[in-house]
Chemist: 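This structure is in structure tokens; I'll ask about it shortly.
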Amino acid sequence: MATTVSYDAVEVGTELPAQSFPVTRATLVRYAGASGDFNPIHWNEKFAKEVGLPDVIAHGMFTMAEAIRVVTDWAGDPAAVIDYGTKFTKPVVVPNDDKGATVEVSAKVAAKLDDEARTVRVDLVAMSDGQKVLGMARAVVKLA
Amino acid sequence: MALDQSFVGRTYPATEPYEVGREKIREFAESVGDANPAYTDPEAARALGHPDVIAPPTFVFAISFRAAGLVIRDPQLGLDYDRVVHGEQKFAYTRPVVAGDRLTVTSTIESIKSLAGNDVVMVRGEVHDADSLHVVTVHTKLVARAAEEA
């Protein structure tokens, strides 16, 4: 573990640099291939609508993977993230145009968990089209 | 259709080892646009104290979900696969996944609930390396949505 963020330097309320992540249909096709999740709701508009969705939606795991980048970019060493969980509350709807959708992620230190283990809890908020798409998104991060 | 509660606690056989490749990690990192060198550059990963490139925190889901297929497609359990959506996901790491790892997954049904006609199944996947040491525990909540016509 070689994060450069010092446990002593963070406080409850410390905000991590927010980021926004673009998502297009091409992004989803690429993620499908890399992750092995070929569920057609993530690339086939006709199928997505037949099962009651408004349009093609992003993989929940794609959104989860993007959101944690706010934490891993902050920590430097991705292995500093020792625990990460979320609920999938709303889908990220991805229209078939050149803009697609955007996932906006902010995060802050919500608790200092253990002075000896030097762990903090980071709470994340992920928004797309004005709606929270992840619920109770939390990571435990081991700092220096 | 309510699922059989007697399946709670059932553990499925461990999967065959999945060998984690450097290029697979690179492909995954690139698919989420993540340029962290710990995922692609062995030297950068070693500088952080890792034996080789490591995988992003959610990478292991691809392996654990394949293992959870034993549960999802267990004809005796009878989950309606076409109506399954992903409700929650959690990873608890002992150490990061590293290129060269040979990982096995053992899936256990932790709970079965019926909520408003939806079947809710919690699956725990224990991921171990070739030395049988723990790498990560993966918790996946699957929700089989009630059929509209019912």
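Just so it is clear, the values below take in all heavy atoms, side chains as well, and ignore hydrogens, waters and symmetry mates. In the text below, chain A, chain B and the rest are named by the order of the sequence lines, each starting its count at 1. The shown structure was predicted, so the numbers you read here are calculated from the model rather than taken from an experiment.
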Chemist: Taking a hydrophobic cluster as the set of Ile, Leu, Val, Met, Phe, Trp and Tyr residues connected by side-chain heavy atoms closer than 4.5 Å, whether directly or through intermediates, do B:L77 and B:V143 fall within one such cluster?
Modeler: no

Chemist: With rounding to the nearest 0.5 Å, note down the distance linking NE2 in B:H86 to CG in A:D37.
Modeler: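 Rounded to the nearest 0.5 Å, the NE2-CG separation comes to 9.5 Å.
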
Chemist: Between B:R145 and A:V51, what is the shortest heavy-atom contact and its length?
Modeler: NH1-O, 3.9 Å

Chemist: Please determine whether the number of non-hydrogen atoms from other residues, nucleotides or ligands lying under 6.0 Å from atom CG of A:D129 exceeds 12.
Modeler: no

Chemist: Any side-chain heavy atom of A:R30 within less than 4.5 Å of one from B:E30?
Modeler: yes

Chemist: Output the residues of residues 88-107 of chain B for which the shortest heavy-atom distance to chain A is under 4.5 Å, in residue-number order; output 'none' if no such residue exists.
Modeler: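 Within residues 88-107 of chain B, the residues under 4.5 Å from chain A are B:E88, B:Q89, B:K90, B:F91, B:A92, B:Y93, B:P96.
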
Chemist: According to a 4.5 Å side-chain heavy-atom criterion applied to Ile, Leu, Val, Met, Phe, Trp and Tyr, with indirect links allowed, do A:W43 and A:F47 form part of one hydrophobic cluster?
Modeler: no

Chemist: Quick one: what part of B:K141 sits under 4.5 Å from any heavy atom of chain A, side chain, backbone, both or neither?
Modeler: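 Neither part.
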
Chemist: Please state whether the side chain, the backbone, both or neither of B:P57 comes within less than 4.5 Å of a heavy atom of chain A.
Modeler: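 Only the side chain of B:P57 comes within 4.5 Å of chain A.
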
Chemist: So for atom NZ, which belongs to B:K113, do other residues, nucleotides or ligands contribute more than 12 heavy atoms lying within a distance under 6.0 Å?
Modeler: no

Chemist: May I ask whether B:M122 and B:I72 are part of the same hydrophobic cluster, defined by side-chain heavy atoms of I, L, V, M, F, W, Y residues being less than 4.5 angstrom apart, directly or through others?
Modeler: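 Not linked; separate clusters.
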
Chemist: As a quick check of understanding, evaluate side chain to side chain contact (heavy atoms under 4.5 Å, CB included) for B:V85 and A:I41, giving each step before the final call.
Modeler: CA-CA 11 Å; B:V85 296; A:I41 60 173; 5.9 Å; no

Chemist: Of all heavy-atom pairs between A:T27 and B:S31, which one has the smallest distance, and what is that distance?
Modeler: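 Heavy-atom minimum between the residues: CG2-O, 4.2 Å.
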
Chemist: I'd like to know if the side chain of A:R69 and the backbone of B:G33 have a donor-acceptor N/O pair within less than 3.5 Å.
Modeler: yes

Chemist: To check you understand the geometry: which heavy-atom pair defines the closest contact between B:N36 and A:G76, and what is its length?
Modeler: ND2-O, 3.2 Å

Chemist: With B:F65, which residues qualify under ring-ring contact (aromatic ring centres under 6.0 Å, His included), at least two apart?
Modeler: B:F61

Chemist: Are there over 12 heavy-atom neighbours, none belonging to A:K112, within less than 6.0 Å of that residue's NZ?
Modeler: yes

Chemist: With hydrophobic residues grouped by side-chain heavy-atom distances under 4.5 Å, do A:F38 and A:V29 end up in a single group?
Modeler: no

Chemist: What option among B:A35, B:G87, B:A44 has the most heavy-atom pairs under 4.5 Å with chain A?
Modeler: B:G87

Chemist: Is it the case that one hydrophobic cluster holds both A:M136 and A:V105, taking links as side-chain heavy atoms less than 4.5 Å apart, direct or via other members?
Modeler: no

